[in-house]
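What follows is a set of notes on a single structure, which appears directly below.
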Amino acid sequence: MSLSGRRPTRFEARVHAALGEVPRGRVVTYAEVAKRLGCRSAQAIGQALKRNPRAPEVPCHRVIRSDGRLGGYAGKRGGVRVDRKRRLLREEGVEFDDEGKLTDPARLWRWGG
DNA sequence: TCTGTGACCGCTG
DNA sequence: ACAGCGGCCACAG
């Protein structure tokens with residue numbers, strides 16, 4: 001309850017706002033979001049998302065790793081949580097191959113570039 | 001592919 | 001206020 005009952009920090013709010021700019025059917029990397037916020041730690045982005053599993057208000061599932069793999073979801077780096085993430089993306093037309101890599105790199109969203 | 005190091009935010013004590 | 005630690009990561013070797 002320490003998590004769900006907590007009010008978002010300013011940093012978290014900025015992360016969520018940034019995610020809101022990512023259209024459906026597109027994905028963005030943790031690094032890209034970090035860059036957008038002027039933060040040099042992509043991991044800090046993951047932290048912020050973990051603290052707010054309240055989808056679909058915040059489309060956490062649209063954030064993947066720089067190497068094209070899914071990365072974690074809802075605080076876990078594997079298992080059913082990530083399976084769910086993959087399903088959600090699949091519903092938006094974003095697919096991953098057997099290696100867990102993003103099939104179509106054109107799906108990658110990025111700001112100003 | 002795996003390991004080590006860098007980076008940084010928020011929790012806890 | 002402050003130090004230590006862990007975490008949905010990135011990057012180099």
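Letters A, B, ... mirror the listed sequences (proteins, then strands); counts begin at 1.
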(request) Enumerate the residue pairs fulfilling side chain to side chain donor-acceptor pair (under 3.5 Å) with a member in residues 16-28 of chain A, sequence neighbours excluded, ordered by first and then second residue. (result)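 Sorted pair list: A/H16-A/N52, A/E21-A/R36, A/E21-A/W111.
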(request) Scan for side chain to side chain donor-acceptor pair (under 3.5 Å) pairs involving residues 95-107 of chain A, sequence neighbours excluded, and state none if there are none. (result)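 Applying side chain to side chain donor-acceptor pair (under 3.5 Å) to every pair that reaches into residues 95-107 of chain A, excluding sequence neighbours, yields nothing.
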(request) Quick one: the dot-bracket string of DNA chain B, using Watson-Crick and G-U wobble pairs with both distances under 3.5 Å, [ ] for crossing pairs and | for bases paired to another strand. (result) .|||||.||||||
(request) Go through residues 10-24 of chain A and report each residue with a non-hydrogen atom lying under 4.0 Å from DNA chain C, sorted by number. (result)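 Nucleic-acid contacts, sorted: none.
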Send over the distance from [X] [atom1] to [N] [atom2], rounded to a whole Å.
X	N	atom1	atom2	result
A/R51	C/dG6	CZ	P	14 Å
A/K50	C/dC8	NZ	C1'	9 Å
A/D67	C/dA12	CG	P	13 Å
A/L49	B/dG10	CG	C1'	14 Å
A/E99	B/dC2	CD	P	12 Å
A/R81	C/dG7	CZ	P	15 Å
A/I45	B/dG10	CD1	P	10 Å

Euclidean distance, [Y] [atom2] relative to [X] [atom1], rounded to 0.5 Å:
X	Y	atom1	atom2	answer
A/Q47	A/K50	CD	NZ	6.0 Å
A/R81	A/D83	CZ	CG	11.0 Å
A/E12	A/I45	CD	CD1	10.5 Å

(message) Taking side chain to side chain donor-acceptor pair (under 3.5 Å) as the criterion, tell me which of A/E91, A/E92, A/R87 meets it with A/H61.
(response)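 Among A/E91, A/E92, A/R87, the one that satisfies the side chain to side chain donor-acceptor pair (under 3.5 Å) with A/H61 is A/E92.
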(request) Report the C-alpha distance between A/R62 and A/L89 in whole Å, list the side-chain angles of each, state the deciding distance to 0.1 Å, and finish with yes or no for side chain to side chain contact (heavy atoms under 4.5 Å, CB included). (result) CA-CA 7 Å; A/R62 291 182 197 152; A/L89 286 175; 4.2 Å; yes
(request) Taking A/K85 for its side chain and A/G72 for its backbone only, find out whether a donor-acceptor pair lies under 3.5 Å. (result)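 Yes; at least one donor-acceptor contact below 3.5 Å.
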(message) Less than 4.0 angstrom from a charged side-chain N to a carboxylate O is my criterion; do A/D67 and A/R65 meet it?
(response)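 So A/D67 pairs with A/R65 through a salt bridge.
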(request) For side chain to side chain contact (heavy atoms under 4.5 Å, CB included), just list the numbers for A/V94 and A/I64, CA-CA rounded to whole Å, side-chain angles, deciding distance to a tenth of an Å, and then say yes or no. (result) CA-CA 11 Å; A/V94 183; A/I64 67 175; over 6 Å; no
(message) With a 4.0 Å cutoff (strictly under), does any side-chain N or O of A/S66 reach OP1 or OP2 of C/dC9?
(response)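 Answer is no, no contact under 4.0 Å.
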(request) Show the numbers, then the answer: is there a side chain to side chain contact (heavy atoms under 4.5 Å, CB included) between A/T29 and A/V63? (result) CA-CA 5 Å; A/T29 65; A/V63 191; over 6 Å; no
(request) Among C/dG7, C/dC9, C/dA10, find the nucleotide with the atom closest to the side chain of A/R77. (result)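 The answer is C/dC9, which lies nearest to the side chain.
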(request) Might you point out which heavy atoms bring A/F11 and A/A44 nearest each other, and give the distance in Å? (result)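 Taking every non-hydrogen atom into account, CE2-O, 3.5 Å.
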(request) Determine the minimum heavy-atom distance between A/W109 and A/V28, stating which atoms define it. (result)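 It is O-CG2, 3.6 Å.
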Check: protein-nucleotides 6-8 of chain B nitrogen or oxygen pairs below 3.5 Å:
unit_1: B/dA7; atom_1: N1; unit_2: A/Q43; atom_2: OE1; d: 3.0
unit_1: B/dC8; atom_1: OP1; unit_2: A/R40; atom_2: NE; d: 2.6
unit_1: B/dC8; atom_1: OP1; unit_2: A/R40; atom_2: NH2; d: 3.0
unit_1: B/dC8; atom_1: O4'; unit_2: A/S41; atom_2: OG; d: 3.4

(message) Show, in sequence, the C-alpha distance, side-chain angles and deciding distance for A/V80 and A/Y73, and conclude whether the side chain to side chain contact (heavy atoms under 4.5 Å, CB included) test is met.
(response) CA-CA 9 Å; A/V80 294; A/Y73 189 63; over 6 Å; no
I'd like a table of atom pairs between the protein and nucleotides 2-5 of chain C - only N or O on both sides, under 3.5 Å - with the distance next to each one.
none

